[in-house]
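First up is the structure itself, then whatever we jot down about it.
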Amino acid sequence: MPRVSDIPSRLCLGPGPSPVPPRVLAALAHPTVGHLDPAFLALMDEIRDGLRRVFATTNPMTLAMSGTGSAGMETVIVNLVEPGDRVLVGVNGVFGGRLAEVARRAGAAVTTVDAPWGRALDRDQLADAIARHAPHVVAVVHAETSTGVGNPVDGLAELIHAHDGLFILDCVTSLAGMAVEIDAWGVDAAYSGTQKCLSCPPGLSPVTLSPRAVARLDRRRLKVPSWYLDLTLLRSYWGQERAYHHTAPINMLYALHEALAIVLEEGLAARFARHRAAHERLAAAVADLGLPFVSQDGHRLPMLNAIAAPAGADEAALRRRLLDEHGIEIGGGLGDFKGKAWRIGLMGHGATSAAVDAVTGALRVLLC
Ligand SMILES: *Cc1c(COP(=O)(O)O)cnc(C)c1O
């Protein structure tokens, strides 16, 4: 039987999880209390406040779902979509595709606006599709982790709201690594994950709903089909009633509280600048190694760098050597990029010059 203590430490520079700072690991190891303990409930209030600050929102309905980013995705879809609803999804990678699939399973009539892998969604195409279909819901992935591309979000809310639609934004990879402005952008529902730029282990999914989205939830004809993800039940636990729904993952919430404290101590603007600087340092180094980006210039994400894998090499074997000989994890390509691209994540605690130098130095050794 392997033991946990036998697992080597790694520098996690893939598409998530990101490196977790010692303060967060220490919080995780704090003794467990009851999920209705007054001290713990006070901590939940602070988590909610912290999440509002990182989402840049005043939304009363802001909480952390038990589950990873995909649980957040499923939460916003099953709560805000009813069978037969028209849902428009932007698809230019794995996560846009997953959103479309989750919406179809919720019984929606799904239309997609597509862009090739490595390119951003086209704002005009989204605008045309919104005008043509008057969707009940429009869902876009802010930072498409599978391709390293950021999608346009500015100005979409006005078009969506003109038809009384709701705007859903996947902020799993963008939150706490680049600007996310839920209120200013008119986003009605957003979700994230803890293991990307928040630098917390995977296990929780921050979610926020605008008052307009809550009104849609309150007007549903049918009950939310998932009991576990039903926000009409969960709001009684996160709200003043503190009604038992399911046992909150106490220690994960300790960790999220500490991760949010670290984010807010650094300050969002400084944190975004740090991600940007790490990206620029990496971009210069990979250009030097002759590995071009496969993501569109002008739309590249700071925290997820998708570059071409070395031509003619066994890229999976090289990534394995990077892990075994240098203790560094990077991601391979997915979908159209499978076997062709590498994804270097510079997320949260991993967005540093030291991390960039470690991975590019190791790649230089392996490639030269
Ligand atoms: C990672 C990710 C998800 C899914 O999150 P999990 O924590 O793996 O469930 C969804 N959307 C995007 C953009 C992601 O990067």
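Read the numbers this way: they start at 1 and go in the same order the structure lists the ligands and their atoms. Residues: numbered from 1 along the sequence shown.
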Checklist entry - For residues Asp188 and His161, is any side-chain donor paired with an opposing acceptor at under 3.5 Å? => result yes

Name the atoms and distances for all side-chain donor-acceptor pairs under 3.5 Å in residues 359-368, with sequence neighbours left out.
unit_1 : atom_1 : unit_2 : atom_2 : d
Thr360 : OG1    : Val356 : O      : 2.8
Arg364 : NH2    : Asp288 : OD2    : 3.4

Checklist entry - ligand 1: which residues have a non-hydrogen atom closer than 4.0 Å? => result Thr68, Gly69, Ser70, Phe95, Arg98, Val141, Ala143, Thr145, Asp170, Val172, Thr173, Gln195, Lys196

Item to check | Side-chain donor-acceptor pair present, Asn59, Ser210, cut-off under 3.5 Å | outcome: no

Listed pairs under 3.5 Å, donor-acceptor, residues 127-141 side chains, sequence neighbours left out:
unit_1 : atom_1 : unit_2 : atom_2 : d
His136 : ND1    : Arg86  : N      : 2.8

Checklist outcome for this item: side-chain contact (heavy atoms from CB on, under 4.5 Å) filter on Asp218, not counting sequence neighbours, yields Val214, Arg235

Checklist outcome for this item: Nearest heavy-atom contact between Ala248 and Phe40 is CB-CE2, 4.3 Å

